[in-house]
Engineer: 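I am attaching a structure below and will ask some questions about it afterwards.
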Amino acid sequence: MWSLGLLLLFVKVYGLLLVVLLLAAYLVLLERKLLGRLQIRLGPNRAGIFGILQPIADGLKMLLKEDVVPGRADRALFLLAPAVVSGTALLTFAVIPLGEQITLWGREIPLMIADLNVGVLYVLALSSLGVYGVALGGWASNSKYSLLGAVRGAAQLISYELPLALSLVPVIMLAGSLSLSDIVRAQAGYPFLLVQPVGFFIFLVSSMAESKRLPFDLPEAENELMAGYHTEYSGMRFGLFFLGEYAHMIALGALVAVFFLGGWHGPFLPPGLWLLVKTMLIPLFLIWTRASFPRLRYDQLMHFCWKILIPVAVLNIVATGAFMVFTG
Amino acid sequence: MHAKIRRIGTNIFSGIRGTVRAYSTTLRHLFRRPITEQYPEYRRELPERSRARIILTRSPDGEERCVACFLCSGACPVDCISMQAAEREDGRRYAPWFRINFGRCIYCGLCEEACPTLAIQLTPDYEFSSRRILSLVYEKQDLLVDHGGKHPQYDFYDHAGVEDKTTKGMHASEGAPVNVKGNLP
């Protein structure tokens with residue numbers, strides 16, 4: 001019987017991996033097309049009709065490029081860092097619930113890879129581990145641009161982890177569980193966005209900062225740091241950083257969908273499709289944001305996190321707690 | 001205290017307004033027609049004075065304008081123009097060979113500005129790139145055209161103060177020779 005369970009696990013892992021990697025690849029194309037249109041350009045349209053073969057062309061190009069390791073880089077860490085970045089981004093999907101349990105051949109099959117009872121902690125832990133990819137990659141490159149980018153990245157990611165986690169506390173209080181599937185089940189009536197707009201806003205802004213994208217892209221500020229922590233990377237290792245960034249965007253979208261938008265719940269459409277639609281809202285919003293805003297200054301970034309987001313998040317927790325106590 | 005609260009209020013208000021404006025501007029752009037010109041399918045008509053392929057022009061009477069004065073090759077910042085000077089039997093200077101290496105040319109147009117006889121001119125024709133770099137070295141027969149370029153009616157010797165085709169006092173914008181003795185008091 002255990003072999004059947006293992007087979008099922010493999011099917012789920014590889015199925016989800018395939019979907020996420022395809023989504024990440026086509027999110028790159030979507031970003032380039034949409035960013036182009038937002039800037040009154042066309043975006044890539046040469047590879048295939050409407051440029052739909054562009055991700056394949058990009059992937060092929062990156063695979064065929066030489067994998068350069070700088071002469072005095074810390075080789076082991078240099079090779080490890082991109083895997084950490086994309087690995088932590090992909091591992092987040094292990095706890096995303098795609099739908100309610102289904103019964104197949106008399107077996108209860110949860111539509112997620114691992115129904116962890118501490119799913120929220122797992123997600124936050126992975127997002128903290130992702131900092132290592134940035135910090136180690138920048139440090140191991142033995143280049144000043146990479147190091148500066150890594151230092152900025154580490155400080156930014158660790159700072160924004162606090163409001164990210166704090167904005168989830170009211171959600172956990174409302175759901176009464178740390179399991180992601182229980183949190184989604186608690187939103188059967190209404191999504192938590194309606195009762196936690198402040199928490200949603202804080203989570204959204206923090207996830208923008210966590211994804212290291214404009215207006216929070218100081219770790220890879222092109223004008224100052226060339227490409228920041230991944231300046232020295234080339235070929236598929238750079239591709240892994242890239243993939244990790246886009247997988248991270250999708251992961252954040254999925255988390256927003258699970259925590260605030262009601263996960264798989266929704267009328268008419270099947271649950272998986274609802275989750276997909278809600279998941280893609282956040283990457284689209286991030287792309288729109290990228291087209292709209294310039295980069296923040298570093299002191300503004302830190303000021304915004306420590307002096308505005310964290311106090312507001314704490315107040316939000318207190319207010320939610322008080323409301324729950326008074327209404328019983 | 002009042003002023004401080006009001007300042008914070010204005011800051012928040014202007015921040016929100018700025019955010020909304022940024023998003024709405026990009027959203028409006030999303031529904032505009034892209035301004036991209038797709039090059040190989042659509043070739044824009046370039047302005048007459050755009051700077052690309054260099055030509056050597058001729059005067060209205062069909063003679064080469066170039067007098068091999070070396071001012072263009074002297075002005076060239078990348079030294080892509082070379083030539084040799086010689087004199088015809090009638091004393092007129094010309095270039096037996098004239099060579100421009102378009103692999104080095106940066107199309108700055110300084111040669112055109114330097115040219116006293118308006119011989120060397122830049123044209124809007126830019127589509128002559130090549131993978132064989134030696135084919136980008138243009139000789140005199142490749143450069144010479146049989147028209148006057150941007151100034152079809154111009155003839156240097158109509159204006160120059162030398163007696164070549166035109167006798168003294170007959171050049172364009174030149175007065176008759178002054179009778180020096182008639183100027184005396």
Side-chain angles (χ1 to χ4, degrees), chain A residues 29-51 54 197-198 200-202 204-209 213-217 280-297 299-301 303-305 307-309 311-312 315, chain B residues 1-53 102-103 106-108 124-133 135-136:
Chain A
L29 178 64
L30 179 71
E31 159 149 48
R32 291 177 65 186
K33 291 293 273 188
L34 191 59
L35 203 60
R37 295 306 297 262
L38 285 165
Q39 295 166 348
I40 337 177
R41 299 183 284 117
L42 281 172
N45 63 350
R46 295 286 147 161
I49 187 167
F50 299 124
Q54 190 69 41
V198 178
F200 172 75
F201 171 76
I202 294 168
L204 195 62
V205 173
S206 310
S207 61
M208 270 186 218
R213 292 169 57 79
L214 271 169
F216 302 103
D217 72 336
M280 292 318 284
L281 283 179
I282 298 305
L284 285 177
F285 181 71
L286 289 179
I287 294 166
W288 187 14
T289 310
R290 178 178 171 183
S292 307
F293 289 101
R295 186 179 302 125
L296 288 179
R297 226 166 47 212
D299 62 320
Q300 293 170 330
L301 177 92
H303 174 101
F304 190 55
C305 176
K307 292 185 179 170
I308 297 175
L309 285 185
V312 171
L315 279 179
Chain B
M1 193 62 199
H2 248 357
K4 198 179 176 187
I5 289 173
R6 193 179 308 145
R7 208 184 61 226
I8 291 172
T10 353
N11 277 347
I12 291 175
F13 177 71
S14 68
I16 290 174
R17 201 182 53 167
T19 310
V20 171
R21 265 194 189 170
Y23 278 122
S24 66
T25 304
T26 45
L27 194 65
R28 256 184 288 124
H29 285 172
L30 184 60
F31 299 105
R32 271 180 61 180
R33 215 165 62 82
I35 57 168
T36 313
E37 288 170 356
Q38 306 224 54
Y39 164 60
E41 292 92 41
Y42 173 78
R43 289 163 198 224
R44 180 171 19 164
E45 193 77 18
L46 286 179
E48 199 188 349
R49 290 179 57 187
S50 17
R51 305 193 307 261
R53 193 166 66 85
F102 282 110
I106 58 171
Y107 307 99
C108 61
D125 171 29
Y126 57 91
E127 289 175 315
F128 61 108
S129 60
S130 168
R131 287 181 189 277
R132 289 177 301 114
I133 198 145
S135 72
L136 290 174

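Residue numbers begin at 1 in each chain, while the letters A, B, ... track the order of the sequences. FYI, side chains are in, hydrogens and waters are out, and symmetry mates aren't considered; it's all heavy atoms of this structure.
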Engineer: When you look at CD of B:Glu48, are more than 12 heavy atoms from neighbouring residues, nucleotides or ligands closer to it than 6.0 Å?
Structural biologist: no
Engineer: Give the minimum heavy-atom separation between A:Leu42 and B:Thr36, together with the two atoms involved.
Structural biologist: N-OG1, 3.2 Å
Engineer: Rounded to the nearest 0.5 Å, what's the gap from CG on A:Leu38 to CZ on B:Phe31? Could you check?
Structural biologist: 9.0 Å
Engineer: Which pair of non-hydrogen atoms, one from A:Asn45 and one from B:Gln38, has the smallest distance, and what is that distance?
Structural biologist: ND2-OE1, 3.0 Å
Engineer: Can you say whether B:Arg33 sits under 4.5 Å from chain A via the side chain, the backbone, both, or neither, judging by heavy atoms?
Structural biologist: backbone
Engineer: Is the CD atom of B:Glu45 crowded by more than 12 outside heavy atoms at less than 6.0 Å?
Structural biologist: no
Engineer: Counting only heavy atoms not in B:Phe13 (residues, nucleotides, ligands), do more than 12 fall under 6.0 Å from its CZ?
Structural biologist: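 Not more than 12 within 6.0 Å, no.
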Engineer: Measure across B:Arg32 and A:Arg37 and return the closest heavy-atom pair with its distance rounded to 0.1 Å.
Structural biologist: O-NH2, 3.6 Å
Engineer: So does B:Arg21 have more than 12 non-hydrogen atoms from other groups sitting under 6.0 Å from CZ?
Structural biologist: no
Engineer: Quick check: are there more than 12 heavy atoms from other residues, nucleotides or ligands sitting under 6.0 Å from CD1 of B:Ile8?
Structural biologist: yes
Engineer: With respect to A:Ser292, which candidate in B:Leu27, B:Thr25, B:Thr26, B:Thr19 satisfies the side-chain contact (heavy atoms from CB on, under 4.5 Å) definition?
Structural biologist: B:Thr26
